[in-house]
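What follows is a short report on a single structure.
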Amino acid sequence: QVQLAESGGGLAQAGGSLRLSCAASGLTFSTYAMGWFRQAPGKEREFVTAVRWSGSRTYYADSVKGRFTISRGNAKNTVYLQMNSLKPEDTAVYYCVAVTDTRAGSTWYLRGSSYDYWGQGTQVTVSS
């Protein structure tokens, strides 16, 4: 049974930082692409970032590029999201996602339907 367990969410001030973690179990972590989506109240779910199985290829939404960094530790079966220079508009529930890293094409990572597994989510709130 695959489980993705997010942690590290909470309250931060604008301009501050948070680091999210996602511990994966029940899968061969090193063969999976991992990522993060988020959903703010009253808004659609949106792609944030993703990383290929090796960590050598990363993808970012324009809204977080230069502020957020995704990384992974295959030995620990964990993916991380370092969020710096936080803005109130980053407030959302953040979801960890996983898919066997066989996807091809230029936009697969943007679609929630591309991912096989989702975590329960962790709340991030940024105050102004």
Side-chain angles (χ1 to χ4, degrees):
Q1 181 182 359
V2 174
Q3 289 189 326
L4 303 177
E6 302 99 335
S7 61
L11 177 64
Q13 289 188 332
S17 299
L18 283 174
R19 189 193 197 204
L20 304 184
S21 298
C22 171
S25 60
L27 51 74
T28 305
F29 186 76
S30 61
T31 65
Y32 277 72
M34 303 294 295
W36 295 88
F37 278 70
R38 67 186 182 185
Q39 187 165 22
K43 295 188 176 181
E44 292 188 355
R45 181 182 62 194
E46 64 174 358
F47 167 78
V48 177
T49 181
V51 59
R52 290 285 198 178
W53 70 272
S54 65
S56 62
R57 187 72 171 93
T58 56
Y59 311 89
Y60 293 94
D62 288 343
S63 59
V64 306
K65 204 170 290 184
R67 300 188 298 121
F68 289 12
T69 302
I70 189 170
S71 61
R72 62 188 297 159
N74 285 353
K76 294 186 176 181
N77 286 11
T78 302
V79 63
Y80 306 96
L81 179 61
Q82 178 67 43
M83 304 186 294
N84 298 329
S85 302
L86 283 163
K87 303 176 180 180
E89 50 263 44
D90 294 319
T91 295
V93 177
Y94 283 71
Y95 297 92
C96 179
V97 295
V99 62
T100 305
D101 196 352
T102 59
R103 302 290 180 177
S106 59
T107 62
W108 65 269
Y109 52 90
L110 294 171
R111 297 184 295 273
S113 59
S114 295
Y115 299 88
D116 295 326
Y117 302 105
W118 291 71
Q120 294 294 318
T122 185
Q123 176 71 45
V124 171
T125 303
V126 183
S127 63
S128 58

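Index from 1, following the sequence.
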(message) With heavy-atom distances below 4.5 Å as the criterion, would you say the side chains of Y94 and M83 are in contact?
(response) yes
(request) Can you establish whether the number of heavy atoms outside K65 located under 6.0 Å from its atom NZ is more than 12? (result) yes
(message) Taking V126's backbone N and O only, do any of them form a donor-acceptor pair with T91's side chain (distance below 3.5 Å, no angle check)?
(response) yes
(request) Apply ring pair (Phe, Tyr, Trp, His ring centres under 6.0 Å) to Y59 and list each qualifying residue two or more places apart in sequence or on a separate chain. (result) W108, Y109
(request) State yes or no: do L18 and Y60 share one hydrophobic cluster built from I, L, V, M, F, W and Y residues joined by side-chain heavy-atom distances below 4.5 Å, directly or via other members? (result) yes
(request) Report yes or no: does E6 contribute a side-chain atom to a donor-acceptor pair with the main-chain N or O of T122 at less than 3.5 Å? (result) no
(message) Check this for me, if you would: do K87 and D90 make a salt bridge, where the nitrogen-to-carboxylate-oxygen distance has to be below 4.0 angstrom?
(response) no
(request) Using the side chain to side chain contact (heavy atoms under 4.5 Å, CB included) rule, take Q39 and E46 through it: C-alpha gap first, then chi angles, then the decisive distance, then the call. (result) CA-CA 6 Å; Q39 187 165 22; E46 64 174 358; over 6 Å; no
(request) Tell me whether F68 is reachable from V93 by hopping between hydrophobic residues (I, L, V, M, F, W, Y) whose side-chain heavy atoms are closer than 4.5 Å. (result) no
(request) State yes or no: do V97 and L110 share one hydrophobic cluster built from I, L, V, M, F, W and Y residues joined by side-chain heavy-atom distances below 4.5 Å, directly or via other members? (result) yes
(request) Can you tell me which residue pairs pass the side chain to side chain donor-acceptor pair (under 3.5 Å) test with a partner in residues 12-28, sequence neighbours excluded? (result) S17-N84
(message) Under a 3.5 Å cutoff, is there a donor and acceptor pairing between the side chains of R52 and S56?
(response) no
(message) Just so I know, are the side chains of L20 and Q82 near enough to count as touching, which here means a heavy-atom distance under 4.5 Å?
(response) no
(message) Taking CD in Q120 as the centre, count heavy atoms belonging to other residues, nucleotides or ligands within less than 6.0 Å. Is the count above 12?
(response) no
(request) Apply the side-chain contact (heavy atoms from CB on, under 4.5 Å) test between Y32 and each candidate in W53, Y115, Y117; give the one that qualifies. (result) Y117
(request) Decide if the gap between the ring center of F37 and the ring center of Y95 is smaller than 6.0 angstrom. (result) no
